[in-house]
Amino acid sequence: MTGGCGFIGSALVRHLCREGRDVLVIDKLTYAGNVESLKEVEGKYTLLKADICDQAAMDRAFEDFQPDTIFHLAAESHVDRSIDGPGEFIRTNIVGTATLLQAALKYWRTHPDFRFQHISTDEVYGTLGADGYFTESTPYSPHSPYSASKASSDHLVRAWHDTYGLPVLITNCSNNYGPYHFPEKLIPLIILNCLDLKPLPVYGQGANVRDWLYVDDHVKALCLVNEKGVSGETYNVGGHNERTNLEVVKTVCAILDDLRPRKDSTKYETLITYVKDRPGHDLRYAIDPAKLMDKLGWRPEENFESGIRKTVKWYLDNEWWWGPIHRNKYGGERLGKG
Ligand SMILES: NC(=O)c1ccc[n+]([C@@H]2O[C@H](COP(=O)([O-])OP(=O)(O)OC[C@H]3O[C@@H](n4cnc5c(N)ncnc54)[C@H](O)[C@@H]3O)[C@@H](O)[C@H]2O)c1
């Protein structure tokens, strides 16, 4: 697995290790990678600290570890950071994916059962109006440097399948949330700002809609696709949990009012502050997961209400994980103003 020390990757590593699978994690350990996220399964996986753009290191990793499959999650993943500095997104997400595909192709030629699974985003499809859903055949129309780099990587993966016959699977998922999420992302940022009694930044009027997917439901979808998906196909992952950003922020505030009320009994939502919108901000993302549900039988276990409560509670109980990040790596400053 590449990117196994990141948010989604670490959830997948914890899951696979609990199932007794033999996992090699390849991770460069950028600001977003954190081995602490794998503490629960310490000693049960192997870590190779390497850059996916390093062809020799990737070739060696395939030869040494002899994988049945690869879950490719390593990426630069934050839209706001892609606005400030697109270079690393082009390098890791595009050049890194091509490098890994080359290593995989060489390996597959002598290991014909091997499959390459690429993890991507619904942001490649662009933006929706008030209604409609993204399906697997929605044309690509990315708008941010992040989504354009992920779209490029999806095209490369398909090209290696169509040109060389490499068995590939692609999943495009909606916004994930849950434990071990780096605090630059909306939900953990809001939780930590509430705890610090700092302003809760809401872009524009908070009307942008995202389709929220609990990370462990995503992990189950990834494993199902890996096991039963048809080579060369794409599967969209989303759980029909559309919320505006403002609704998300207000929900987090209400849960904290309940679980950790402010000493002066003021509601957390009084901290909401509207800030200038993100440049090129897509209005609405929403996934139609019918293919994954009908063909592979996937069902999410959490709805937004249950998943967000679990998530807020996890942050309240796990300051050991986010405290050092919050103090030393990222304290909540605004990114991506353009
Ligand atoms: N988080 C979401 O809501 C979401 C939604 C859709 C798709 N995705 C995709 O899922 C994947 C995982 O997302 P995430 O939220 O866990 O990301 P993340 O930013 O939390 O983790 C990314 C991981 O990749 C590693 N990495 C970065 N550059 C690397 C390089 N050059 N070589 C090796 N490792 C490198 C980092 O150290 C980190 O551990 C990404 O491909 C992302 O595009 C995420």
Side-chain angles (χ1 to χ4, degrees), residues 1-14 24-38 47-55 57-58 61 70-82 85 87-100 103 117-125 134 142 144-154 157 170-188 210-219 221-222 234-239 241 248 282 285 287 307 311 325 329-330:
M1 179 168 343
T2 69
C5 296
F7 166 49
I8 301 170
S10 68
L12 184 53
V13 177
R14 292 190 300 273
L24 172 69
V25 173
I26 299 178
D27 201 299
K28 186 181 168 187
L29 295 175
T30 66
Y31 79 95
N34 189 350
V35 285
E36 295 293 303
S37 306
L38 297 176
L47 175 64
L48 171 67
K49 184 173 185 285
D51 188 329
I52 57 164
C53 299
D54 180 343
Q55 188 75 64
M58 293 307 106
I70 184 160
F71 290 95
H72 173 37
L73 292 100
E76 286 294 333
S77 71
H78 190 37
V79 176
D80 284 344
R81 286 186 197 261
S82 82
E88 253 335 89
F89 288 72
I90 308 300
R91 207 184 76 84
T92 287
N93 300 1
I94 307 178
V95 179
T97 299
T99 308
L100 204 61
Q117 185 166 346
H118 177 61
I119 285 67
S120 191
T121 168
D122 60 356
E123 301 190 26
V124 297
Y125 299 124
F134 296 136
S144 71
Y146 164 68
S147 54
S149 71
K150 292 297 291 188
S152 307
S153 66
D154 293 9
V157 173
I170 300 179
T171 51
N172 294 80
C173 69
S174 56
N175 276 41
N176 283 225
Y177 69 103
Y180 301 99
H181 204 182
F182 194 85
E184 66 193 353
K185 305 284 168 56
L186 179 67
I187 290 175
R210 300 293 179 261
D211 182 357
W212 293 93
L213 174 65
Y214 192 68
V215 66
D216 291 341
D217 282 327
H218 184 203
V219 162
L222 294 179
T234 294
Y235 297 85
N236 281 352
V237 193
N241 279 296
V248 169
D282 288 335
Y285 302 141
I287 288 238
T311 305
I325 299 174
K329 275 192 181 173
Y330 175 72

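Start at 1 and go down the list; that is how both ligands and their atoms are numbered.
One N or O on the side chain of R14 and one on the backbone of S37 form a donor-acceptor pair closer than 3.5 Å. Using modelled atom types, no side-chain atom of D27 and backbone atom of L47 make a donor-acceptor pair closer than 3.5 Å. Of the possible donor and acceptor atoms, none in the side chain of S147 sits under 3.5 Å from a partner among the backbone N and O of P142. Between the N176 side chain and the Y214 main chain, no donor and acceptor come within less than 3.5 Å of each other. Of the possible polar contacts, one joining the S10 side chain to the F7 backbone as a donor-acceptor pair under 3.5 Å is found. The backbone N or O of I119 lies less than 3.5 Å from a partner atom in the side chain of K150, making a donor-acceptor pair.
By the 3.5 Å distance cut-off applied to N or O atoms, R91 is not counted among the residues near ligand 1. Distances between N or O atoms of K28 and those of ligand 1 include at least one value under 3.5 Å. Looking at T92 next to ligand 1, an N or O pair under 3.5 Å apart turns up. Between K185 and ligand 1, no pair of N/O atoms sits closer than 3.5 Å. Some N or O of K150 is nearer than 3.5 Å to an N or O of ligand 1, by distance alone. For a threshold of 3.5 Å applied to N or O pairs, the pair formed by D122 and ligand 1 contains no separation below that value. Residue C173 places no N or O, backbone or side chain, under 3.5 Å from any N or O of ligand 1. For ligand 1, the polar-atom distance check finds an N/O of F7 within less than 3.5 Å of one of the ligand's N/O atoms.
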- side-chain contact (heavy atoms from CB on, under 4.5 Å) between T30 and E76, worked out: CA-CA 9 Å; T30 66; E76 286 294 333; 4.0 Å; yes
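Contacts between C53 and ligand 1 below 4.0 angstrom, taking non-hydrogen atoms only, are absent altogether. When non-hydrogen atoms are compared, ligand 1 lies under 4.0 Å from neither the backbone nor the side chain of S10. Contacts between F89 and ligand 1, counted as non-hydrogen atom pairs separated by less than 4.0 Å, are absent for every part of the residue.
Nearest-heavy-atom check against atom 31 (N) of ligand 1 across N172, D54, I26, D51 picks out D51. Of the candidates T97, I8, N176, it is I8 that places a heavy atom closest to atom 14 (P) of ligand 1. The closest non-hydrogen atom to atom 25 (C) of ligand 1, taken over I187, I52, D27, V35, comes from D27. The option from L73, L12, T171, L222 that lies nearest to atom 12 (C) of ligand 1, judged by heavy atoms, is L73.
Of all heavy-atom pairs between D282 and R210, the closest is O-NH2, 3.0 Å.
In this structure, atom 43 (O) of ligand 1 lies nearest to the protein heavy atom Y146 OH, 2.7 Å. Nearest non-hydrogen protein atom to atom 21 (O) of ligand 1 is G6 CA, 3.3 Å. At the shortest separation from atom 23 (C) of ligand 1 among protein heavy atoms lies G3 CA, 3.8 Å. Looking from atom 22 (C) of ligand 1 to the surrounding protein, the closest heavy atom is A75 O, 3.4 Å. For atom 10 (O) of ligand 1, the nearest non-hydrogen atom of the protein is I119 CG2, 3.4 Å.
Using a 4.0 Å cut-off to heavy atoms of A50, the atoms of ligand 1 that qualify are 32 (N), 33 (C). Below 4.0 Å from some heavy atom of S120 lie the following atoms of ligand 1, by number and element: 6 (C), 7 (C). Interface of S77 with ligand 1, defined as ligand atoms under 4.0 Å from a residue heavy atom, comprises 17 (O), 18 (P), 19 (O). Those atoms of ligand 1 with a heavy atom of L29 less than 4.0 angstrom away are 37 (O). Here is the list of ligand 1 atoms found below 4.0 Å of a heavy atom in G33: 37 (O), 38 (C), 39 (O). Within ligand 1, counting atoms from 1 as listed, the ones closer than 4.0 Å to a heavy atom of T30 are 27 (C), 28 (N), 36 (C), 37 (O). Shown in contact with N175 at under 4.0 Å from a heavy atom are these atoms of ligand 1, numbered in order with element: 3 (O).
Contact between S174 and ligand 1 is present, with at least one heavy atom of the residue lying under 4.0 Å from the ligand.
Using a 30° and 60° split on the angle between ring planes, Y31 and F182 fall in the perpendicular class, above 60°.
Here R81 pairs with E184 in a salt bridge; the nearest charged N to carboxylate O distance falls below 4.0 Å. Salt bridge present: R91 and D51 bring a charged side-chain N and a carboxylate O closer than 4.0 Å.
Counting only heavy atoms from C-beta outward, the side chains of V237 and I287 never approach each other to under 4.5 Å. Between I26 and L48, the closest side-chain pair of non-hydrogen atoms falls below 4.5 Å. Side-chain atoms of Y146 and H78, non-hydrogen and from C-beta on, never get closer than 4.5 Å to each other.
Between the CZ atom in F71 and the OG1 atom in T2 there is a gap of 11.0 Å [rounded to 0.5 Å].
Take D154 and apply the side chain to side chain donor-acceptor pair (under 3.5 Å) test, not counting sequence neighbours, and it matches H118, S120, Y140, N172.
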